[in-house]
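Presented below is the structure to which this report refers.
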There are 2 protein chains.
Amino acid sequence: MLDDRKAAILRAVVECHIKTAQPVSSAYVAQLGDLSVSPATVRNEMAVLEQDGYLFQPHSSAGRVPTDKGYRFFVDSLSGPAPLGAPQAELVRMFFARAHGEIERMLAETSGLLSSVTDYAAVVVAPSAPEPGRVRSLQLVKLTAHVVLAVAVLGNGAVERRALELPVELTDAQVERASAAAASFQVGATLDKTGDPGPTGDTAVDTLASTALQALRGPEPEVGTSHVFVGGAARMATAFEAVSTIRSVLGILEQQYVLVTLLKDVLDRGLTVAIGTEHGLAPLADCSVVVAPYEVDGERAGTVGVLGPTRMHYDQALAAVAIVSKKLSKALSEGDQGLSPPSGRQRSTG
Amino acid sequence: MLDDRKAAILRAVVECHIKTAQPVSSAYVAQLGDLSVSPATVRNEMAVLEQDGYLFQPHSSAGRVPTDKGYRFFVDSLSGPAPLGAPQAELVRMFFARAHGEIERMLAETSGLLSSVTDYAAVVVAPSAPEPGRVRSLQLVKLTAHVVLAVAVLGNGAVERRALELPVELTDAQVERASAAAASFQVGATLDKTGDPGPTGDTAVDTLASTALQALRGPEPEVGTSHVFVGGAARMATAFEAVSTIRSVLGILEQQYVLVTLLKDVLDRGLTVAIGTEHGLAPLADCSVVVAPYEVDGERAGTVGVLGPTRMHYDQALAAVAIVSKKLSKALSEGDQGLSPPSGRQRSTG
DNA sequence: CTCTGGCACTCGGTAACCTTGAGTGCTAGA
DNA sequence: TCTAGCACTCAAGGTTACCGAGTGCCAGAG
């Protein structure tokens, strides 16, 4: 373990490097005044810190730069998220006051919000399972001879929708009966509830009703199975100097699957912050990730995260991620449609 | 006007510069063999082309680079879009064969497709007006005491949805009656059809039905009024060398409003291609835009476009944009849900 | 035993300088 | 009107020298 002075020096180095992106000299740390020692003493300590793997010297006449291990120590020793700055907090407040039940758009905008609050890129992973809210309405609509659309409106205003292909053509009346049967079975229950409506006497109708319910209960089909919303990718171009870094990071940000896996891995390992190579994605070696899960009706549903340079403002990112995931959980849960009053929404002129 | 030889030289310079991103020398053009003249002759011609503003010399001992005017000439003299490469064409075919009725996701994926086909960034602007398709189903769902959700399923499988706030609480029965009234009035017609269902005898019900219909007919409320889907933004990082350029271009790509305006402006001016500064957006001075509108049921609905460096492969971009907008129009129009059996039928007509 | 001041040393960064060669403009002759 | 030849220009790349930030180490003070 590090003694107090080493820890203080390490923290000073990390903080300075976060600010300046430059190697930090012993003189700077000494002259900081937090601990009254001479640069020489700092140098000695820094030499030890380097041997222990917390610092790294780009070349022999340069200052020190924190290693991933150094950042890890720094993050672990953080007292917790910083309080969010007043303008950012206001932004978050405003945002969720206006939020609405259209889940996809909301998530997309959340990624934008998180990015503008932190000034890094933000990632929001949508729930992969369907919304667990209670079904408020369920309906089968015949689109063409062989295609029926199953539409369910959930308690929080989200709409689940599945297209079904029919092997045999059904009459409008049959589709209607199936629709009624499926609705009377599932409306008022959550999509967790499995089982089929009782037989109507028409096998084709029964099959359709059952198929539709199954489709709605299952995850969305194929294409972009988990949705990922990336906000503020452009900020990564500001965060790095080297074009090659920018390229590889942006490349990763467009690979939804990789992102989902990345965030999931980090969470699965019980981490909130993954620094540098800790997450094992080589192209993101210069990046850190700050993640938090969000919940829908008490169950872990998706993930929000911030992707920034290793030298990111961890305290602020932690704060932003925490508050956004909390508010998002609330906005997505059944009790709160986010449709609450504030400014002029759609309004019935009765 | 340019004589034949000057035009040929200019074309050669543009083509070479598109390939190499380097200034083009007289020797290269001469040795190309298309016109059998010596480098010196080419030089003389190039000097004239420079005076006329078609070419530009970065410094006195460098080759020539085309100006925006030079690119404009090149594009105008293109015989038309190149045939799409076989792998790209296959990609497009596969994509639209699998396409489905969820319009938003489809547009988002279209932007990805267009980007991977062209290797530039792609922009798809969603229709700002609601889908004009016929209403297949319409329903009002009471979410909370004061919030009702109006959901309409359209002929092509798209779902329009509006949240309504009620000044007074209505009973479930009242909402149901309003739902039925609104449905019987609008189902089977397009959302163009205005008017209200006949009076039911309950003013509150009539008001709700009428409000719901109005809301559905109108555009989606506020937030991200026109949706813009950007695909392959990361490719811009590959297209440019200068970090500053990358930054400003990526910045623009995240400003939805600016993008919508940009594409709209270009189209309004009757252009398909806007080169360099022609579009007047300073941060995109090194970029060109290739755009095409797409239609839904015969009416111009949205825009697809490709954003690349000025030295982009115009012929391929033109081809890709054209085919994608055509297929997209078809997929979004009522006749074709795109829900058709995957690899089966795919017309080559359009 | 710990800290500090002093000093020599290291090495990246910058500037000055030179060389190279690609590419031009010009001119005289076919 | 075209072309061959030639002198000229100038970015790019390599070499050298210098500067100075920052270190490591040591000897002496507390």
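Quick note on labels: first sequence line is chain A, next is B, and so on, each numbered from 1.
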* **Where A:Leu253 and A:Ala233 come nearest, the two heavy atoms and their spacing** => CD1-CB, 3.9 Å

* Asked: Between A:Arg64 and D:dG24, is there a side-chain N or O to OP1/OP2 distance below 4.0 Å?
  -> yes

* Hey, is the side chain of A:Arg5 poking within less than 4.0 Å of OP1 or OP2 on C:dT2, counting only N and O atoms? -> no

* Of all heavy-atom pairs between B:Ala319 and B:Leu84, which one has the smallest distance, and what is that distance? -> CB-CD1, 3.8 Å

* Asked: To the nearest Å, how far apart are A:Leu49 CG and D:dT23 C1'?
  -> 15 Å

* Can we say B:Glu241 and A:Arg247 salt-bridge, meaning some charged N sits less than 4.0 Å from an Asp/Glu carboxylate O? -> yes

* Would you indicate which nucleotide in D:dT3, C:dG25, C:dG6 comes nearest to any side-chain atom of B:Gln57? => C:dG25

* Structure fact -> B:Arg43 atom CZ is separated from C:dT27 atom C1', nearest whole Å, by 12 Å

* To do: Ignoring backbone atoms, test whether A:Ser60 places a side-chain nitrogen or oxygen under 4.0 Å from the OP1 or OP2 oxygen of C:dC11.
  => yes

* Given atom CD of A:Gln31 and atom P of D:dA21, what is their separation to the nearest angstrom? -> 14 Å

* Taking the nucleotide of DNA chain D with the closest heavy atom to each, which residue, B:Pro58 or A:Ala40, is nearer the 5' end? -> B:Pro58

* Length of the line joining B:Glu50:CD and C:dT24:C1', which is rounded to integer Å -> 11 Å

* Asked: Taking the side chain from B:Thr261 and the backbone from B:Tyr257, do they hold a donor-acceptor pair closer than 3.5 Å?
  -> yes

* Asked: So what does A:Thr41 touch, heavy atoms closer than 4.0 Å: a base, only the sugar-phosphate, or nothing?
  -> base

* Would you check if the side chain of B:Arg64 reaches a backbone N or O of B:Val24 as a donor-acceptor pair within less than 3.5 Å? => no

* Closer than 4.0 Å, any side-chain N/O of B:Ser38 to the OP1 or OP2 of D:dT3? -> yes

* Asked: For the side chain of A:Ser61, counting heavy atoms from C-beta on, which of D:dG22, C:dT24, C:dT10 is nearest?
  -> C:dT10

* To do: Let me know the distance between CD of B:Gln22 and P of D:dA12, rounded to the nearest Å.
  => 10 Å

* What integer distance in Å separates A:Met46:CE from D:dT23:P? -> 5 Å

